[in-house]
Amino acid sequence: MSFIPGQPVTAVVQRIEIRKLQHGEHLILGFSIGGGIDQDPGQNPFSEDKSDKGIYVTRVTPGGPAEVAGLMMGDKVMQVNGWDMTMVTHDQARKRLTKKDEDIVRLLVTRKSLEQAVRHSMM
Amino acid sequence: MFCRNQTTRATIARGSALEMEIRRGKFRRSVFLDTLQDSDIQKKIDHEIRMRDGACKLLAACSQRDQALEASKSLLTCNIRIMAYMSELQRMKEAQVMQRVALRSSDAGPTDDRLPCKGKVAISDLRIPLMWKDTEYFKNKGELHRCAVFCLLQVGAEIHDTDMVIVDRTLTDICFDNTIVFSEASPGFELRVELYSCCSEEDYSAGSTHRKLASKLSSSLGRSAGKKLRVAMDPGACSPISNGGGATLLLPLPSVGPKYHLLAHTTLSLSHVQDSFRTHDLSISGNEECSHWVPLYGNVCCRLAAQPHCMTQQMISGCLKVKQFGGDPQSWTNVYGVLKGTNLFCYHRQEDIEANVEPAFTISINKKTRIRASEKDLHSKAQSICISNHYGGEEVTHTLSADSREDTHRWMEAFWQQFYDMSQWKQCCDDLMKIELPSPRKPTLVTSKQGSLYHEMVIDTSDDISTVTDILARRMQELELRSQLGTSPPWMSLFEESPGCPRTHNRLPHSPLRCPRPGLLSSEASLTSDSYSPCSTSPCSRHSGWAEPLSSPSSHFRPRTLSLDAKLSTLRGRGYGGVLQCSCQPPSSSSLAPIPAQRIPQATLSCSSSTSSNSSSEGSHSPELSNGTSFSRPSSARRSLRNLRAKLDPRNWLQSQV
C-alpha cells in the first residue's frame, strides 16, 4: 500500500456497507479508526509502509454493525460514501463517518490479504 | 498682645485697657469673641501654617528632585488652604455682623427659608487626556521632557489634593486614582478642579543657565536660601490679621525649589453629577512657551457622585397608624415608620430595624408622590396624612395617622423637607449613587494589562511542574470547553493527563481533572495510554518508572516564558497534531528533556510488537474494555476534553470511535 506522491494509487478494494445502529441518541458504526495526515504515521501498527498517512481500522467492536458488514481490523479506508479518505486529517475522517443524516456508510477498504487473494487468483 | 495661637477670652474684664480700646473703637469686639466655628477654623489655620513651615524647611533641605516636588506640592496646598480658611473666617465674621445688624433692626422676621440637607460629594477616577504631537509620541525623539502634575479639588473651604503624577510623553492620559469625598456639601456646591504642573528638570532657578552651573547654583543656593527662608518664615515677621480688612498675612514662597503653576481648571456643580463617567471641558491657562506646559487635550473625565443625606440617613422615625385608602375604616395597622431616601419603611416593631427584618410594607416617597393632610377624619381626632402614589397604572393611597397633633405636624414637616431636598438635589435622589470610600492600604500587586498566563502565575523556582499543572487545571476549568478545537488554548494539553508529560517525581498531584484518568480506558478512544500498554497501565508505576531519570536532572522548573506562549499560539493556528510534535516540549524545562528520549524506544517497541501480530485481532493497541461499555459514550464535555488532549499531543496516534 505504499504510494508515490503525485502518482495515482491503485488498490484492490472491497465494498463494505455498514448500516448505522441507533444507540441512545447516537448513530454508531462499531469500529475505531486511526491515522490521518495530521497524525504520526510511524505509530500506525497496521500500515505496511510507515509513511502511510491513511485512515486505518484499528478496532472492530465484536457484534457491531461493522463486524457484521465484514470490516476487519487493519483495513485501510479509501473512500467513505464517495469521499476520499486517503488524504484527510483524522478529524475530517471521523466527521465523514459520523454524519448524523446518513444511515448507511459505504466504505471502500483495502487490505493486504485482498491483494494476495487477487494475485493468487490470477496465477 | 493677643496671639493667634492662644484661645481668647470670651469676656473682657471691665476696666481693662482692652475695654477702653474697644470703647474707643480701635478694636472690634467681634474679633475677640470666639464662636465655635471660628475656633475650628482658627485651629485649622494654625495647623496649616505649621505644615507650611515644615514644607518650607523640607524644601530647603532636600536634595532629591522628587522630594522637592512633593514638598513644593504640599507647600502650595498649604498656602491655598490657608487662604481658603482665611476667606471663610472673614465670611463668617461678616455674616455674624450682618446677623447682629439684622437682629438689632428687627425688621427681618424669622427666616422661613428651608435649608436643603447636605450631602456627600465624591469625585473619583480623574483622567485627563493628553495630546502629544505625533513626532514626540511615536518617534520618541529627543529628551524625555517630564512634568510633575497634581490636582487640587476645592468645595468651599475644603481643599483636597491628589497624588502627584510624573508625566512624560510616554503617557497618553494623566490618571489620578484617588477618590476624594467631601462630606458636607450643599446642593449648590461648586467643585473647583485645578491642575497644577511643574517642570521636573534639574534646574529650578529661573532662566536658562548652563546645566552644570545651574545644578551647582541650585545646590549651593539651597543652604543659604534656606537660611533666608527660615528668617523670613519666622512667625513674628508676619503681620497679624488686621481687623476689618482682608487678611494681610504674608505668605512668602521660597525662591528656590520647584514651583507649580496653574495649568488648567474647571468648575463642576450639581448638574454634572451622574452615576457614571462624564467628560467635562477644561479651561487651560498657559501656552506652549511655559516651562510647565503639558499638552492637554482639553477635557477631563471623572465620576462625580453625590449622596444627599436625605437618601442615606433616617430623616424621621416614629410610631404611626397606617390604613390603605378605601379599606375598612377600622383596619388601622400599627407600625413603626422610618423615612429614609425615597421610601417610608413601615416595620411591625421598632426592634425589627436592628434585627434586619424586612419591613411590613414600604411606601415610596418620590417626586411623583402626592401628600396632603386631610382635615376631617370621622374616626380619629388627629389629622391624618394621605400619601398617593402611582404603582403601575393604579393609584394607591395610604392614610397615616400619628398619635398627636404635634406628631402629625412633625411628620408633615419631614415630608415637606424631604420634597424640598429632592427638588434641590434633583437627579441625586432618583437612586442612591455608590461612593466607594478610599481604602487606606494600597494594593501591592500591579494588575497587568495582559491576560496571559505568564502574568497571572507566580511560580516559585522550587515548585515543580505539578504546581503549574494545578494552576493550569484550575484555569482550564474556568475556560469554557467547547467541542471546537480553536477555543481552548493549546498549552492546556501539555500539562494534562497525557503520560508523555511527567507529573512529578515525588508525589501524585491532586487535581480534579486527573480523576477520570483510570476511566480513560473507555470506549471513547483518542486514548493515550493505548499506545503504551506495554508500560504498566497504572499511573503510579508509570511515575515511579520516571522517578529516577527525573530526579537526577535539576529539579528547578523555570517559569514558562512569554515566548513559549507565543510559540504555542502560533502553532495552534497552524493546526494540531503532528505539527506540534517536535516543538511542544517546553524548551525551558530541563527536567522534561530526557523524557522524550526515553519514551521513543518504548513506543517503537510497542509498535513493533503489534505489527508482528498484525493479523491477529487483539493487538496490544486495543484498549481493554468490557462489551457492555463498548457503545457508551462519555459526556460531551469530557469527550471534547479528551479529544483536545489527544489531538494536541503529538506522541499519540489518535484513534476515534465511530
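As a basis for the values below, the full set of heavy atoms in this structure was taken, side chains included, without hydrogen atoms, waters or symmetry mates. Convention: sequence-line order gives letters A, B, ...; per-chain numbering from 1. Quick caveat, the model's predicted, so the values are computed rather than measured.
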Worksheet entry | Residues which pass salt bridge (Lys or Arg N to Asp or Glu O under 4.0 Å) with K99(A), listed by chain and number, not counting sequence neighbours | none
Worksheet item: In terms of side-chain heavy atoms, does S32(A) have a donor or acceptor partner in Q655(B) at a distance below 3.5 Å?
Response: no
Fill in: Within 6.0 Å of CD in Q22(A), more than 12 heavy atoms from elsewhere
yes
Worksheet item: So, do Q657(B) and R59(A) sit near enough that their side-chain heavy atoms are less than 4.5 Å apart?
Response: yes
Worksheet item: Are R94(A) and V658(B) close enough that some pair of their side-chain heavy atoms sits under 4.5 Å apart?
Response: yes
Throw together a table of side-chain donor-acceptor distances under 3.5 angstrom for residues 62-71 of chain A, partners on residues two or more places apart or in other chains.
{"from": "E67(A)", "atom 1": "OE1", "to": "G63(A)", "atom 2": "N", "distance (Å)": "2.6"}

Discussion item. Is I33(A) close to chain B through its backbone or its side chain, or both, or neither, when contacts mean heavy atoms under 4.5 Å?
Written reply: both
Response to the item:
One should read off an interatomic distance between D91(A) CG and L654(B) CG, to the nearest 0.5 angstrom, of 9.0 Å
